Peer 1: 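First the structure, then my questions, so here it is.
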Amino acid sequence: MADAVKAKSRQILLVEDDADGAQAMAGILRRLGHTVEIADSCRLALRIFLTRPFDLLLLDFSLPDGDGCSLLTELCTNKKVPAIAISGYGEEDMRRAESAGFSAYLLKPIDFKLLEDAINAAE
């Protein structure tokens, strides 16, 4: 985590419907110096996204009212924002994430070093 001090602080919208997982991930991201807003559904993510600028999206693939690919398309209609896909599934979601324009794909349970590296690489 020594590299995190040098890393750019990000305004992150984390969309994850597992409350415990979202809180754990947000806590780690905040300790790394990022500002994090959590949404547990596509509908809430869309509402939050309209309230302020974000420079990174962390989107779960499986949400109660949609999926990360569709949400990315909706959120980035007018402005391209780097996005990292998060999924509990494997190869099929990885291919979908790549074709949808995600900058990285992380498999649950999240390896926080890989998450930090993906955030630092996202542009």
Side-chain angles (χ1 to χ4, degrees):
M1 288 202 195
D3 293 333
V5 176
K6 301 176 204 166
K8 175 182 170 186
S9 178
R10 308 271 185 147
Q11 300 291 320
I12 298 174
L13 175 57
L14 168 60
V15 185
E16 168 62 68
D17 62 327
D18 174 56
D20 292 337
Q23 289 300 325
M25 197 176 321
I28 289 169
L29 293 169
R30 289 178 181 126
R31 282 193 295 279
L32 292 172
H34 304 294
T35 302
V36 182
E37 187 74 36
I38 300 171
D40 63 358
S41 67
C42 294
R43 183 174 42 249
L44 181 56
L46 288 166
R47 252 194 337 255
I48 292 171
F49 189 76
L50 295 174
T51 66
R52 65 175 216 221
F54 290 93
D55 45 34
L56 184 66
L57 307 171
L58 293 176
L59 306 179
D60 187 9
F61 251 48
S62 180
L63 296 161
D65 59 347
D67 67 81
C69 286
S70 300
L71 181 58
L72 180 62
T73 300
E74 285 188 66
L75 294 176
C76 296
T77 300
N78 297 318
K79 179 186 174 198
K80 176 106 170 85
V81 178
I84 298 170
I86 301 168
S87 176
Y89 305 102
E91 292 283 325
E92 185 177 323
D93 279 353
M94 187 181 304
R95 285 190 293 276
R96 287 180 57 221
E98 190 175 288
S99 65
F102 284 90
S103 61
Y105 173 86
L106 299 174
L107 192 59
K108 293 178 185 179
I110 299 298
D111 176 321
F112 289 105
K113 177 60 177 140
L114 291 177
L115 175 60
E116 182 180 5
D117 291 345
I119 289 170
N120 291 337
E123 297 201 21

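Just so it is clear, the structure is predicted and the values come from calculations on it, not from any experiment. Values reported hereafter were calculated over all heavy atoms of this structure, with side chains retained and with hydrogens, waters and symmetry mates removed.
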Peer 1: Please give me the minimum heavy-atom distance between I48 and A39, naming the atom from each residue.
Peer 2: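 Heavy atoms of I48 and A39 come nearest at CD1-CB, 4.0 Å.
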
Peer 1: Does the side chain of L57 reach to within under 4.5 Å of the side chain of F49, using non-hydrogen atoms?
Peer 2: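 Yes, close enough: below the 4.5 Å cut-off.
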
Peer 1: According to a hydrophobic-cluster definition based on side-chain heavy atoms being under 4.5 Å apart (Ile, Leu, Val, Met, Phe, Trp, Tyr only), do L114 and I110 belong together?
Peer 2: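 Shared cluster, yes.
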
Peer 1: When you group the ILVMFWY residues by side-chain heavy-atom contacts below 4.5 Å and let the links chain together, are L107 and L29 in the same group?
Peer 2: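 Different clusters.
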
Peer 1: Could you report the tightest heavy-atom contact between A45 and V15, atom names first, then the distance?
Peer 2: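 Closest approach of A45 to V15: CB-CG2, 3.6 Å.
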
Peer 1: Measure the spacing between CG of D55 and CZ of R10 and express it to the nearest 0.5 Å.
Peer 2: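 These two atoms lie 6.0 Å from each other.
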
Peer 1: Name all residues meeting the ring pair (Phe, Tyr, Trp, His ring centres under 6.0 Å) criterion together with F61; count only those two or more places apart in sequence or in a different chain, and write none if there are none.
Peer 2: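 Ring pair (Phe, Tyr, Trp, His ring centres under 6.0 Å) list for F61, sorted by chain: F102.
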
Peer 1: Between D67 and S70 (side chain of the first, backbone of the second, donor and acceptor by atom type, cut-off under 3.5 Å), is there such a pair?
Peer 2: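 Judged by distance alone, yes, a pair lies under 3.5 Å.
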
Peer 1: To the closest 0.5 Å, what do you measure between CG (L115) and CG (N120)?
Peer 2: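 Between atom CG of L115 and atom CG of N120 there are 9.5 Å.
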
Peer 1: Please give me the minimum heavy-atom distance between V81 and L56, naming the atom from each residue.
Peer 2: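 Reported closest heavy-atom pair: CG1-N, 3.7 Å.
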
Peer 1: Quick check: are there more than 12 heavy atoms from other residues, nucleotides or ligands sitting under 6.0 Å from CD of E98?
Peer 2: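 It does not: E98 CD has 12 such atoms or fewer within range.
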
Peer 1: For I12 and I119: C-alpha separation, side-chain torsions, deciding distance, then whether side-chain contact (heavy atoms from CB on, under 4.5 Å) applies.
Peer 2: CA-CA 10 Å; I12 298 174; I119 289 170; 4.3 Å; yes

Peer 1: Find out whether H34 and L14 are in side-chain contact, i.e. whether some heavy atom of one side chain is under 4.5 Å from a heavy atom of the other.
Peer 2: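 In short, these two side chains do not touch, never coming nearer than 4.5 Å.
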
Peer 1: Rounded to the nearest 0.5 Å, what's the gap from CD1 on I28 to NZ on K113? Could you check?
Peer 2: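 Spacing of CD1 (I28) from NZ (K113) equals 13.0 Å.
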
Peer 1: Ignoring hydrogens, what is the shortest heavy-atom contact between K79 and F54? Give both atom names and the distance.
Peer 2: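 Closest heavy-atom pair between K79 and F54: NZ-O, 3.8 Å.
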
Peer 1: Which heavy atom in A100 sits nearest to a heavy atom in L72, and how many Å separate them?
Peer 2: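 Nearest heavy atoms, A100 then L72: O-CD2, 3.6 Å.
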
Peer 1: I'd like to know if the side chain of D65 reaches the main chain of C42, judged simply by a donor and an acceptor atom lying under 3.5 Å from each other, with no hydrogens or angles considered.
Peer 2: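 At least one qualifying donor-acceptor pair exists.
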
Peer 1: With no hydrogens and no angle check, is any side-chain donor or acceptor of S103 less than 3.5 Å from a backbone partner on A83?
Peer 2: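 Confirmed, S103 side chain pairs with A83 backbone.
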
Peer 1: Rounded to the nearest 0.5 Å, how far does CG of L75 lie from OG1 of T77?
Peer 2: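 With rounding to 0.5 Å, OG1 (T77) is 8.0 Å from CG (L75).
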
Peer 1: Under 4.5 Å between side-chain heavy atoms, counting indirect links through other Ile/Leu/Val/Met/Phe/Trp/Tyr residues: same cluster for I84 and Y105 or not?
Peer 2: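 Unlinked, I84 and Y105 end up in two clusters.
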
Peer 1: Please evaluate residues I86 and M25 with respect to the criterion side-chain contact (heavy atoms from CB on, under 4.5 Å), reporting the C-alpha separation (whole Å), side-chain torsions for both, the decisive distance (0.1 Å), and the verdict.
Peer 2: CA-CA 11 Å; I86 301 168; M25 197 176 321; 3.9 Å; yes

Peer 1: Within a reach of under 6.0 Å around CZ of R30, are more than 12 heavy atoms found that belong to other residues, nucleotides or ligands?
Peer 2: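 Count over threshold, so yes.
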
Peer 1: So which atom in S9 and which in G33 form the shortest heavy-atom distance, rounded to 0.1 Å?
Peer 2: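 Result for this residue pair: OG-O, 2.6 Å.
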
Peer 1: When you compare the side chain of L46 with that of L71, does any pair of heavy atoms fall below 4.5 Å?
Peer 2: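 Heavy-atom side-chain distance check passes, below 4.5 Å.
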
